[in-house]
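Below is one structure, written out as structure tokens, with a few remarks after it.
A note on names: the letters A, B, ... follow the listed sequences, proteins ahead of strands, and every chain is numbered from 1. Not measured: the values here are computed from a predicted model.
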Amino acid sequence: MIKITLPDGTIKEYSKGSTPMTIAKTISEGLARNVISAKFNDTTVETTTPLQEDGSLVLHTWGSTEGKKTFWHSTSHIVAQALEELYPGVKLTIGPAVENGFYYDIDLGEQVLSENDFPKIEKRAIEIARGKHDFKMRSVSKADALALYKSQNNEYKVELIENLEDGTITFCDHDTFTDLCRGGHIPNTGIVKAIKILSVAGAYWRGDENKKQLTRVYGISFPKQKELTEYLELLEEAKKRDHRKLGKELELFTFSQKVGQGLPLWLPKGAALRERLEQFLKKAQKKAGYEMVITPHIGQKELYVTSGHYEKYGADSFQPINTPKDGEEFLLKPMNCPHHCEIYNNKPYSYKDLPKRFAEFGTVYRYEQSGELHGLTRVRGFTQDDAHIFCTPDQVDQEFKNVIDLSIYVLQSLGFDDFKAQVSIRDMDNPDKYIGDVKNWEIAEQAIINAAEDKGLDYVIKKGEAAFYGPKLDFMVKDALGRNWQLGTIQVDYTLPERFDLTYKGADNQLHRPIMIHRAPFGSMERFIALLLEHTGGNFPLWLIPEQAIVLPVSEKHEKYAEKVLELLKNNEIRSRVDSRNETVGKKIREAEMNKIPFMLIVGENEEEANTISVRRHGGEDLGAISINDFTNLVNTEIKSTLKSF
RNA sequence: GCCGACGUAGCUCAGGGGUAGAGCGUUUCCUUGGUAAGGAAGAGGCCACGAGUUCGAAUCUCGUCGUUGGCUCCA
């Protein structure tokens with residue numbers, strides 16, 4: 001007998017060789033029907049794996065993340081079988097589950113896969129699923145495994161197997177299909193009722209752009225057809241919140257081929273919104289002791305050679321600007337920090353002067369790869385809400401924590417409650433990627449982790465994601481389609497002060513190196529506004545939205561009164577205009593609704609007589625006829641309640 | 001940069017070897033309207049750009065540019 005500990009803490013005895021499935025049956029028939037994967041002593045096992053020893057068992061159904069992952073990974077086997085049948089001679093590689101679905105990477109040889117091929121792949125895959133084939137794991141010796149894939153000329157699987165220990169190699173079979181796989185499958189293919197191929201893309205083998213590009217087939221699957229339909233509807237809804245679509249509809253920004261790829265043009269409404277965001281942060285930063293500075297858009301190439309940016313990114317950047325005078329070279333600035341270092345160098349500092357906090361909305365230019373450009377989230381010219389804090393070693397902790405507070409204040413003021421923090425540290429296996437003293441890296445990494453802990457941030461540590469000059473703490477937010485983007489960032493840097501020979505005089509009358517903290521709570525104005533658009537669906541907070549109210553005269557007869565109302569609104573700094581077009585009120589309301597204007601102020605005979613306005617909120621709520629004074633108070637109260645000061 | 005898809009009026013899109021269509025928007029006129037589309041008429045396109053095939057190309061082929069889903073990259 002073996003003792004099995006269940007998640008609720010109960011320990012039950014089962015005969016040796018019981019499987020998760022048979023154990024599930026003893027708990028309840030319903031559970032047995034729904035269990036699709038299992039973890040034994042924290043290792044993923046099949047539901048049919050005989051358990052030989054005491055241990056803890058967790059059973060997963062579709063309702064759990066683990067269950068979904070197993071379900072999707074299993075579907076990748078089914079899709080791989082379909083691909084293998086439909087495209088003879090393809091070489092299989094890997095097929096993991098991802099956050100929403102799964103993918104399978106295959107080498108198609110000369111063959112090309114496009115969207116037109118999806119239906120036939122889906123059709124064959126679902127046929128296979130309906131065959132209710134059991135997923136069966138079996139152990140294979142390293143020699144046999146290698147022999148199989150060598151006979152198929154599958155160099156990918158051979159490479160994978162060569163990195164595995166003999167005795168740990170398993171294959172998974174279902175129907176006529178066999179695949180090298182470490183396991184974790186649903187009991188049989190029949191549980192998969194709906195399969196959708198979502199997209200096809202190139203993906204480098206092992207994520208290395210120097211290796212061969214494979215064809216990656218993305219898909220998703222569900223235990224019920226209805227769930228697939230709902231998922232696809234969700235995707236459609238998400239597309240409506242795409243910032244590129246909303247930015248166009250709300251006339252916030254545009255791009256022009258004549259200006260250039262990835263160079264956003266801010267339209268009046270977008271520029272006004274951005275200006276307001278900047279004012280909001282400037283106010284908070286003033287309280288937090290920052291001083292604004294202004295630096296030019298270009299700098300001598302030498303400046304970036306000194307900072308190390310040129311060596312690291314020079315070849316892939318906008319190339320140097322030459323001047324009529326020989327030998328002079330300037331770079332469009334890709335970073336503000338070197339300029340700020342020189343501002344620091346303008347005069348000597350005592351330890352009593354520190355920290356110095358220099359802030360600037362600095363526009364930088366980076367030659368991002370063309371395939372990377374994406375709306376406003378990845379552009380070639382953008383404005384950072386940048387600042388550099390120069391402080392003594394014993395001020396770093398406090399300064400870092402203060403910046404975390406400011407970043408959280410910014411995110412929460414704009415309704416981002418679901419951000420994640422990411423601590424990016426070095427990849428020790430790749431020391432060439434970084435500059436600076438190892439000891440300082442250790443201090444800086446630890447300081448960031450301590451600060452994240454101290455502030456109770458929900459954070460993950462990512463190895464190899466650090467900047468080349470130092471570790472960082474980033475605030476990550478998801479877009480409408482679930483893609484992660486870095487917004488705010490805080491970085492500790494011991495290197496640039498060294499390179500720019502920054503000093504301050506300590507209490508000991510000796511010169512010391514300050515430590516630099518790079519930080520940007522928004523990150524880039526462009527990306528931040530893009531994410532804000534997707535989060536709010538264009539319904540920005542009242543204090544930020546370009547147009548707060550629109551006055552809608554019922555007919556031309558009431559235009560004069562409408563103008564009078566508008567003037568009063570403007571006197572009260574409420575951003576508004578009159579829709580005096582020769583249209584019906586219904587039409588004007590419809591358009592104001594579509595333009596997401598928070599308040600529609602209808603004025604006609606009744607209002608003119610009583611000196612009021614009839615207020616309709618975006619969405620349809622009728623606030624009735626009130627005085628302009630009451631309306632102004634309403635707007636101001638609402639703004640005060642949503643916009644707390646730092 | 002790489003792989004796949006796409007590019008038709010200001011916007012959203014249909015069409016497709018014989019010289020261009022709808023809805024919305026815009027303009028003019030009629031209408032003077034009460035909480036999500038009042039009516040009529042008109043203007044508006046070198047069908048991204050460049051080559052090629054063809055009697056003829058917006059349509060087919062190739063290339064370029066741009067957009068897009070991924071990969072790689074992200075100071």
Side chains of residues 460-470 of chain A: which donor-acceptor partners sit under 3.5 Å, not counting sequence neighbours?
unit_1: A:Y469; atom_1: OH; unit_2: A:Q491; atom_2: OE1; d: 2.5

Partners meeting side-chain contact (heavy atoms from CB on, under 4.5 Å) with [X] (sequence neighbours left out):
X: A:L232; answer: A:K196, A:L198, A:L228, A:L235
X: A:A238; answer: A:A480, A:L481
X: A:L623; answer: A:F599, A:V615, A:R617, A:E621, A:L634

task = With a 4.0 Å heavy-atom cut-off, tell me which residues in residues 206-220 of chain A come close to RNA chain B, sorted by residue number.
result = A:G207, A:E209, A:Q213, A:R216, A:Y218

remark   = Contact check, residues 254-265 of chain A vs RNA chain B, heavy-atom distance under 4.0 Å, returns A:Q257, A:Q261

task = Using only side-chain N and O atoms of A:K312, determine if any of them is under 4.0 Å from OP1 or OP2 of B:C74.
result = no

query = What residues, two or more places apart in sequence or in another chain, satisfy salt bridge (Lys or Arg N to Asp or Glu O under 4.0 Å) together with A:D579?
reply = A:R581

note = For A:K588, the salt bridge (Lys or Arg N to Asp or Glu O under 4.0 Å) test, sequence neighbours excluded, returns none

ask   = Do any pairs count as a side chain to side chain donor-acceptor pair (under 3.5 Å) and have a residue in residues 86-95 of chain A, sequence neighbours left out, and if so which ones?
value = A:K91-A:E155

request  = Please find out if less than 6.0 Å separates the ring center of A:F382 from that of A:F522.
outcome  = no

Provide a list of protein-nucleic acid N or O atom pairs under 3.5 angstrom, restricted to nucleotides 39-47 of chain B.
none

ask   = Using a cut-off of 4.0 Å between protein heavy atoms and nucleotide atoms, how would you tag nucleotides 31-38 of chain B 5' to 3' with B, S and -?
value = BBBBBBBB

key: Secondary structure of RNA chain B in dot-bracket form (Watson-Crick or G-U wobble, distances below 3.5 Å, | marking inter-strand pairs)   = (((((((..((((....[..)))).(((((.......))))).....(((((..]....))))))))))))....

